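For reference, the structure discussed in these notes is given below.
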Amino acid sequence: MSFQLTTKVEHRVNTSLQDISRYLLKQGYKVKQQQVCSDDIHQIATAVIRRLGQDALIVVCGGLGLTPDDKIREAIARIAGQSLEIRDNIWVGIQQQLKKLGIYPDSSYQFQAMFPTSAEVIPNVVGTTPGFSLNVDGSKIVVLSDPPFQMQLMLSEKHSISSSD
């Protein structure tokens with residue numbers, strides 16, 4: 001069973017829920033519930049906490065970038081009772097990707113290299129913001145960046161979703 005949560009759908013059609021559902025169904029998961037919420041730490045944490053231990057897989061998709069309203073990583077770290085840590089090797093990769101895109105990698109981008117302590121990083125081969133996954137209270141939480149084409153590639157990463165229930 002799985003639960004999906006997306007954030008920050010404002011001025012466009014939310015295709016992420018459909019894309020994630022389609023992928024999970026092909027992988028043998030039964031999608032139990034979907035939810036959309038704002039980029040608010042309390043709202044994100046509440047939605048995920050309600051599903052912990054009930055769903056083997058919780059997929060969260062939305063703002064992981066560097067804007068002040070991107071609160072998913074903070075909410076998930078709080079749920080897991082972990083601090084956020086900078087992964088130096090990921091930061092180096094983000095800097096390299098930014099340079100390829102012609103963007104100066106100032107320190108404001110470093111937030112994208114911060115993850116809960118026990119999180120496994122999910123590479124983002126076309127963007128600068130990696131996703132991550134971790135286990136909390138019997139549920140695997142997979143957190144993906146959204147724009148949709150980046151989310152789809154990260155979702156299909158071999159270690160992102162490892163087994164079905």
Side-chain angles (χ1 to χ4, degrees), residues 2-10 12 14-17 19-20 23-24 35-49 51-52 57-137 139-162:
S2 73
F3 167 72
Q4 301 169 48
L5 173 70
T6 62
T7 63
K8 203 192 315 188
V9 177
E10 297 164 353
R12 62 179 175 82
N14 181 356
T15 60
S16 297
L17 288 173
D19 294 339
I20 293 168
Y23 181 82
L24 293 175
Q35 184 173 338
V36 176
C37 69
S38 66
D39 262 340
D40 173 81
I41 292 174
H42 179 73
Q43 194 175 61
I44 296 165
T46 299
V48 173
I49 288 169
R51 303 309 314 165
L52 286 176
L57 178 66
I58 298 171
V59 179
V60 181
C61 182
L64 288 177
L66 58 128
T67 59
D69 64 336
D70 291 335
K71 301 295 183 187
I72 292 174
R73 72 179 70 240
E74 294 170 75
I76 300 302
R78 185 178 292 178
I79 290 165
Q82 299 176 16
S83 60
L84 291 171
E85 65 179 15
I86 294 174
R87 306 273 177 95
D88 291 328
N89 60 325
I90 303 300
W91 174 228
V92 168
I94 290 170
Q95 291 174 323
Q96 291 170 347
Q97 182 71 354
L98 287 167
K99 288 176 184 175
K100 285 180 191 174
L101 297 170
I103 301 169
Y104 176 75
D106 65 51
S107 62
S108 67
Y109 289 92
Q110 199 169 31
F111 186 68
Q112 297 175 346
M114 295 182 77
F115 303 93
T117 308
S118 71
E120 180 179 347
V121 176
I122 301 170
N124 183 345
V125 295
V126 294
T128 61
T129 308
F132 63 93
S133 67
L134 69 163
N135 294 303
V136 179
D137 294 342
S139 296
K140 181 173 185 174
I141 302 173
V142 175
V143 181
L144 306 169
S145 181
D146 183 32
F149 70 96
Q150 292 180 22
M151 175 271 305
Q152 291 167 2
L153 287 172
M154 284 190 287
L155 188 61
S156 66
E157 282 294 315
K158 65 179 180 203
H159 64 280
S160 150
I161 297 176
S162 58

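Keep in mind that this is a model prediction, so the values were computed, not measured.
Inspection of the D40 and S38 side chains reveals no N or O donor paired with an N or O acceptor under 3.5 Å. No hydrogens or angles considered: nothing links the side chains of Q97 and T128 as a donor-acceptor pair under 3.5 Å.
Residue I58 holds its CD1 atom at 10.0 Å from CG of L134, rounded to the nearest 0.5 Å. One distance of note links CZ of R78 with NE2 of H42; it measures 9.5 Å at 0.5 Å rounding. Rounding to the nearest 0.5 Å gives a distance of 8.5 Å between CD1 of I72 and OG of S145. Residue I79 holds its CD1 atom at 8.0 Å from OG1 of T46, rounded to the nearest 0.5 Å. To the nearest 0.5 angstrom, L144 atom CG is 9.5 Å from N124 atom CG. With rounding to the nearest 0.5 angstrom, the CD atom of E120 is 12.0 Å from the CZ atom of F132.
Contact check for P105 versus I94: no side-chain heavy atoms found under the 4.5 Å cut-off. Residues L84 and P116 have side chains in contact (heavy-atom distance under 4.5 Å, counting atoms from C-beta outward).
Across every non-hydrogen atom of Q35 and A47, the tightest pair is NE2-CB, 3.5 Å. C37 approaches Q43 most closely through the heavy-atom pair CB-OE1, 3.1 Å. The minimum heavy-atom distance between D70 and F111, with the atom names listed, is O-CE2, 4.1 Å. Summarising the geometry of V60 relative to V48, their closest heavy-atom pair is CG2-CG2, 4.1 Å, with the distance given to 0.1 Å. Closest approach of Y109 and Y104 over heavy atoms only: CE1-O, 3.7 Å. When all heavy atoms of G131 and M154 are compared, the closest pair comes out as N-SD, 3.4 Å.
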Problem - Intermediate values then yes/no, side chain to side chain contact (heavy atoms under 4.5 Å, CB included), Y23 and M151 - result: CA-CA 11 Å; Y23 181 82; M151 175 271 305; over 6 Å; no

Exercise for the section: For I141 and L52, run side chain to side chain contact (heavy atoms under 4.5 Å, CB included): C-alpha distance rounded to whole Å, both residues' side-chain angles, the deciding distance at 0.1 Å, then the answer. Expected result: CA-CA 9 Å; I141 302 173; L52 286 176; 4.0 Å; yes

Exercise for the section: Evaluate side chain to side chain contact (heavy atoms under 4.5 Å, CB included) for D19 paired with L17, printing each intermediate quantity in order. Expected result: CA-CA 6 Å; D19 294 339; L17 288 173; over 6 Å; no

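Looking at R73, its side chain does come within 3.5 Å of a backbone N or O of M114 through a donor-acceptor pair. Under the 3.5 Å distance criterion, the side-chain polar atoms of Q82 are matched with a main-chain donor or acceptor of T117.
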